[in-house]
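Data first, discussion second: the structure below is written as structure tokens.
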Protein chains: 2
Amino acid sequence: MKKTYSEENYLKAIYHLGKTDNKVSPKAIADALENNPASVIDMLKKLQDKDLITYDKVQGAILSPAGEASALDIIRKHRLWEVFLVEKLQYGWDEVHDIAEQLEHIHDEQLAKKLDDFLGNPSVDPHGDPIPAQNGKMPVYANKRLSEAEENQLCKVGSVRDTSTPFLKYLKQLKVGLGSKIKVIEKMEFDQSMIISIDDGEPKTVSSKMTDNILVILD
Amino acid sequence: MKKTYSEENYLKAIYHLGKTDNKVSPKAIADALENNPASVIDMLKKLQDKDLITYDKVQGAILSPAGEASALDIIRKHRLWEVFLVEKLQYGWDEVHDIAEQLEHIHDEQLAKKLDDFLGNPSVDPHGDPIPAQNGKMPVYANKRLSEAEENQLCKVGSVRDTSTPFLKYLKQLKVGLGSKIKVIEKMEFDQSMIISIDDGEPKTVSSKMTDNILVILD
DNA sequence: ATATATAATTAGACATAACTAATTTATACG
DNA sequence: CGTATAAATTAGTTATGTCTAATTATATAT
């Protein structure tokens, strides 16, 4: 059953929100898609009619197995295209999101597989996010936030949870990339800011908003 | 000024029909897009309001300069993506049309140029159709093979009919690229090989297999 | 507990781009 | 020349997905 561009975007948003929020509300979806709650309610009804989600006021929106499989398929394509754009077309990792948002909706039976093979079956996208497998399973890779690391912990940057341009630019400025080694020097109880050393460099202070959005692999 | 998916398809259809028919009628467009004439009339009005075409019953639909530039941009993207799908993703030449129909609508300032560079600036798509240049001009119709040029003829390389790596490597070695000036010094009747001068350089002998695959514009 | 703010929902409207059915115009043929 | 046929056009409808404004429900604060 083929889905529209718009339906795919809703499924993707619900999937992502479901990872962080314990309840996916119309308002949250509206914020994510930059539209309004009335439009969201309409679409939730349609998605429920198609058995792609269940929705009620108390539980919020929950993907059905079919809905989750769809969402993962779209995320898979999105991330594969991001790899293509960065590795093959020389885009910066902060430039590819909007293009991948369009490319993820290209429909073809063989395309994802062929693209995957062409790219050498990458396991993560340029932001370090894991690429779902063909079977529709999301591999777990880096799942610990830097903000959760203890003092003196040594770790490696696995992925970023925010792919916005301002955030990625900030990382670039700090010279933090995938694989960068980070040592937690001190955690400030007061505001959860952290003093860290990046690749054995000068200690730098970063906010909790920043450390919340970096996923690391502990050493 | 951004165009919708649908507008782009109309502009493309009008461009193609304009090449073969002396008058582009609503019926012809409807047949091409597999929809009906009433829908076409509606859209022609919209395109005329946007100054992308002129339309009247007598003349039919005619692309404005802006409309033609748009059409060529879409065709350029379509054909570049076809090259990508065949050369990089190993699709068959007969499988790529429908996917390219989707990919041609991806919007990004830099994408066509980056894709073009990545593919080695091919001049024809997998079906041998010329790829419009980035300046929005369909390359001056280069439909004469170098092998057909007369002795002493001066000409310019317009496109290549073979995009295989060995052929392109050979061209690179000879320093032949798009726009290269070639003078035919001598044609060997025996095997149709040619002695040519490239950009007023040393005379070189090339095979008929080579000259068959270079399309030129005669001076 | 009640006022206030926030969220969810409904109703109605709108834009896009398609459709069908009816009507007008043009072309072709006997 | 008039009529049959085909094409162009108009009017009205539909589906998708959005919106605003009004209403109802829920949560928060004093």
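In what follows, every chain begins at residue 1, and chains take the letters A, B, ... in the order their sequences are listed.
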Whole angstrom value for the distance that separates C1' of C/dA18 from CD1 of B/Ile29: 16 Å
Side-chain donor-acceptor pair present, A/Tyr170, A/Asn213, cut-off under 3.5 Å: no
Residue pairs fulfilling ring-ring contact (aromatic ring centres under 6.0 Å, His included) with at least one residue in residues 59-81 of chain B, sequence neighbours excluded: A/Trp81-B/Trp81, B/His78-B/His97, B/Trp81-B/Phe84
Non-neighbouring partners of A/Asp116 that pass salt bridge (charged side-chain N to carboxylate O under 4.0 Å, His left out), sequence neighbours left out: A/Arg76
Nearest-Å distance for atom pair NZ/P, residues A/Lys2 and D/dT16: 11 Å
Under-4.0 Å side-chain N/O to phosphate OP1/OP2 contact, B/Asn36 with C/dA18: no
d(CG, A/Asp31; P, C/dT6) in whole Å: 13 Å
Contact list (N/O, under 3.5 angstrom) for nucleotides 8-12 of chain C vs protein:
| unit_1 | atom_1 | unit_2 | atom_2 | d |
| --- | --- | --- | --- | --- |
| C/dA8 | OP2 | A/Lys27 | N | 3.0 |
| C/dT9 | OP2 | A/Tyr55 | OH | 2.4 |
| C/dT10 | OP2 | A/Lys45 | NZ | 2.9 |

With A/Glu8 via salt bridge (charged side-chain N to carboxylate O under 4.0 Å, His left out) - residues at least two apart: none
Value in whole Å for how far the C1' atom of D/dA7 lies from CG of B/Asn35: 15 Å
Neighbours of DNA chain D within residues 3-11 of chain A, by heavy-atom distance under 4.0 Å: A/Thr4, A/Ser6, A/Tyr10
Side chains of B/Asp51 and B/Ser64, donor plus acceptor under 3.5 Å: no
Any side-chain heavy-atom pair of B/Leu119 and B/Leu80 under 4.5 Å: yes
Option among A/Lys77, A/Lys12, A/Lys3 that satisfies the salt bridge (charged side-chain N to carboxylate O under 4.0 Å, His left out) test with A/Glu104: A/Lys12
ring-ring contact (aromatic ring centres under 6.0 Å, His included) partners of residues 172-217 of chain A, not counting sequence neighbours, each pair once: none
Under 4.0 angstrom between B/Ser39 side-chain N/O and C/dC19 OP1 or OP2: yes
